[in-house]
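By convention in this document, chain letters (A, B, ...) are assigned in the order of the sequence lines, proteins followed by strands, and residues within each chain are numbered from 1.
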Amino acid sequence: MADPTTTPARPDAEVPDYVPATVEAKWQARWDARRANSPDLARGEKPFYQLMMFPYPSAEGLHIGNLYAFTGNDIHGRFQRLRGHTVFEPIGYDAFGIHSENYALKVGVHPSELIPRNIANFRRQLHRAGLMVDWSRELSTTDRSYYKWTQWIFLQLYHRGLAYKKRAAVNWCPSCKTVLANEQVEGGVCERCKTPVEQRQLEQWFFRITDYAPRLLKNLEKMDWSETTRTAQRNWIGASEGARVTFRVSDDGDRTDDISVFTTRPDTIFGATYLVLAPEHPLVDAITRPEQRAEVQAYRERAARQDLITRKTSKEKTGAFTGATAINPATGAAIPIWIADYVLMEYGTGAIMAVPGHDERDFDFAREFGLPIVRVVASEGVDPGAPLEAADVETTAARVVNSGEFDGMPVARAKERIVAWLASSGAAESVTTYRLHDWCISRQRYWGPPIPIIYCESCGTVPVPEKDLPVELPYVEDVRPDDSGISPLARHEEWYHVACPQCGKRARRETDVSDTFLDSAWYFLRYPSADREDVAFDAALTRKWLPVNSYIGGNEHAVLHLLYARFVTMVLHDAGLVHFEEPFTRFRAHGLIIREGAKMSKSKGNVVNPDEYIERWGADAFRTYLMFLGPYEEGGDFRDAGIIGVKRFLDKLWSSTHAATAQPASGSPDVDVMRKLHQTIRKVGEDIPRLSYNTAVAAMMEYMNVLRRGERTPHVDEVRPLVQMVAPFAPHIAEELWEKLGGRGSVLDGGWPAFDPALATEDEVALAVQVNGKLRGTIRVSKTITQDEAFALAMQEPNIAKFVTGTPKKVIFVAGRLLNIVV
RNA sequence: GCGAGCGUGGCGGAACUGGUAGACGCGCCAGCCUUAGGAGCUGGUGAGGCAACUCGUCCGGGUUCGAGUCCCGGCGCUCGCACCA
């Protein structure tokens, strides 16, 4: 049986077999021995920080998606190295978090045992892939020396007033007796036991990311990031321009509670026929009339029992009347105040003015409860008195009606005028509201960095002093969360009880750990200083290497991770700790690898194990194939069939190089081959920075076809540049062949092949000749031919001339491209 | 529902700012070499037609000398978000 990993020598040449496994093992060992991928960060010239999103080390091992991402990143990094940069390509593991903990619970192995095992496996797989990573600065977020500084970051935010504690709702499974993340709730029930999930209020730590919303939004404008990612962030931050309007509660006596609502449609205020508060709104108790109290209380309890998902997916309108009314500041009318779960406490002010005539949700609610519906906006030609069958949502042509002195005004102008009018009596102000919420970083779990806070009976909340960091994660045998909703850390008595750092009296530790997203929000700062014990990140190295030059990662992190990393960086910038506001100068999202048209998943049984492929085809062929199968930023379909083509290409590179070196280097390279070579150098050199890897590979294949045309043996000068260009994609074979060609050191030190535009130009071109826009032939002409000359030449071709009857009406000439004769 | 992206041979995909559609690769066909070939080499390969030629980039319009590319209207697929006032 033939072994696909070896290539028999061509009958006419003495060529050793190409055995990828041997070549790859040899060069991986050499790179390690020479510490080839560990640059001198302090002294290296032209620094280039090539960052990839670090993986979560799952038990299943390296996923094809990881490898796809890392290879694309590695190619870009190796290319920068060829271009003369000192390239830093670090690696780490995002190993804390619920994901890891749940898996550990499932298989019954303590996470502190399981995670190092997974990391070792990842390390082995990454190593075999031939990535140019600096192994000397590898880190894991679970390292004591790492999470010490994660806690330090928390303290920086705490000291700047950006970390605070408040009660907030979490999903609670009454059967599993545990807090669930939103992803663990499926259709309102616990994903494991199918019990309906409830809400529970818990004290949790938050970061004030909303304070930074305007800046996070504004900086997006000028950043060199994938457009899709910037749009996703913009939508996530979700700025809405509108007004805050105050409604006075009309009570029978001296109650003066005001209700503040947010609206993007102040122009419709004359149509606000009732108010709605979220069931959790703090004013509900105060305004509810005694006769409505029972009903309101029942509704609130019902809403509290509901899980967040169900509440947000059900469109049915429910609610309860509080018995109170408020004064519409525009009309002076008393309008009823309701509570309903379609109003969310987390957004705006947790209260709305309902305009059923022009909002679908308000319309549905008004219909359900028989509340008045008024038209206050009408398009041209619509009778202002016409009844509304459904909410009539604004059109740009619409004007305001039934709105007193504002009647007839276009909607856009009415917005401004009405706000200004209400503002004069203090009833309204223009505001921008964001849908972004403060970042809840508390996790009532075990596997994470303990939040460095101590609670003292006399001193209150006390941050752990820096000198006492890290607050070590103690070993707890049973890490399962219990029915208290409190982290398992609380059960570790010795750890839990602590002396107050301020007064020395009895105190207790915060038992929540922080969100994994905090670990990953600053890891890029740590990498260059990964070996430093005394600082989170060294000032000089940070100034030299950051911000990150090129960041590549998946779009699944387009929002949370990238936003949190930007936020933390901005805070550190404001604290004077880093010199830049934005951490990633350039970000590109890679696409997703699918298989047979479907996303890879264990349940579908279409998961590709990289180990098998690397074993069978070699890392070089596998890497190159991954890059060849589609546009990097769009992903592609992984089919086993295609890899053979890439393997053949590498086989040919191998045999051509050996054939070339077997000959004495007499004679000179072929002119046509050299022209194609220089065109290829230009093309590949343009494609790699654009991450257009598939077309770069195609261009090199094209050159290979030209190189091997005919019976001739290629010249070393025709082969050497190709070996250099291949190096980012297939680094092992490139090193081997570079050595064979007599190159010194690493192929990466040989630089990018010199491009000579003069050698790349053709002096003859094939000019397309069209008649009335239809192609009728091509003529070979000098590049500098004029329109008249081209026309004359074209007319000599019978196959073209026969379509041209009489004098042409018009002739269009695009130099070097085409001639279009219009008759 | 809202937002983003996509739709090109048997398949993965090329085609930069409108200018020879199908590069490159897989597969397939033929030939060579071989005891043999799931190896290698050479040539061919969008559809129809002997040919001249005609038709072809999801569908329908439009702009243009010229449209895969731009504009309008549909259909379909993928991914986010989802009662956000």
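Base pairing of B/G56 is not made with any nucleotide, judged by Watson-Crick or G-U wobble geometry with both donor-acceptor distances under 3.5 Å. The base-pairing partner of B/C33, taking Watson-Crick or G-U wobble contacts with both distances under 3.5 Å, does not exist among the strands shown. Across all strands shown, B/G10 forms a Watson-Crick or G-U wobble pair, both distances under 3.5 Å, with B/C26. Pair check for B/C65 finds B/G19; Watson-Crick or G-U wobble, both atom distances under 3.5 Å. The partner of B/G80 is B/C2, by the rule that a Watson-Crick or G-U pair needs both atom distances under 3.5 Å.
Here, B/C28 and B/C11 have their P atoms 15 Å apart, quoted to the whole Å.
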Study note, to complete from the structure: With sugar-phosphate taken as primed atoms, P, OP1 and OP2 and all else as base, the protein-contact string of nucleotides 6-20 of chain B at under 4.0 Å (heavy atoms; B, S, -) is -----SBSS-B--BB
Check your understanding: Which nucleotides of nucleotides 48-58 of chain B have their base under 4.0 Å from a protein heavy atom (B), which only their sugar-phosphate (S), and which neither (-), written as one string 5' to 3'?
Key -> ----SSSS---
Exercise for review: Could you walk me through whether A/Asp364 and A/Tyr342 pass side chain to side chain donor-acceptor pair (under 3.5 Å), step by step?
Suggested key: CA-CA 11 Å; A/Asp364 292 345; A/Tyr342 83 93; over 6 Å; no
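Proximity of the aromatic rings of A/Phe206 and A/Trp439 is defined here by a centroid distance below 6.0 angstrom, and this criterion is not met.
For RNA chain B, the neighbouring residues in residues 354-366 of chain A, judged by any heavy atom under 4.0 Å, are A/Arg361.
A 4.5 Å side-chain heavy-atom check between A/Tyr434 and A/Tyr347 finds every atom pair outside the cut-off. Counting heavy atoms from C-beta outward, A/Val393 and A/Glu360 have side chains that approach closer than 4.5 Å. Residues A/Val684 and A/Tyr703 form no side-chain contact, since every pair of their non-hydrogen atoms from C-beta on lies 4.5 Å or further apart. The shortest side-chain heavy-atom distance between A/Val765 and A/Arg780 does not fall under the 4.5 Å cut-off. Counting heavy atoms from C-beta outward, A/Leu563 and A/Gln233 have side chains that approach closer than 4.5 Å.
Comparing atom distances between the A/Trp236 side chain and each of B/C83, B/C26, B/C81 picks out B/C81 as nearest. Distances from the side chain of A/Met701 to the nucleotides B/C41, B/G40, B/C24 place B/C24 closest.
Side-chain N/O atoms of A/Lys809 and base N/O atoms of B/C65 include no donor-acceptor pair closer than 3.5 Å.
In textbook terms, a nucleotide whose glycosidic angle is within 90° of 0 is syn, while B/G40, being further out, is anti.
A sub-4.0 Å separation between OP1 or OP2 of B/A85 and a side-chain N or O of A/Ser240 is present. Under 4.0 angstrom from either OP1 or OP2 of B/C26 there lies at least one side-chain N or O belonging to A/Arg648. Distances shorter than 4.0 Å separate some side-chain N or O of A/Arg708 from OP1 or OP2 on B/C41.
Ion pairing between A/Glu368 and A/Lys317 fails under the 4.0 Å rule for side-chain N and carboxylate O.
Looking at A/Asn772, A/Val769, A/Ile821 one by one, the single match for side-chain contact (heavy atoms from CB on, under 4.5 Å) with A/Val804 turns out to be A/Ile821.
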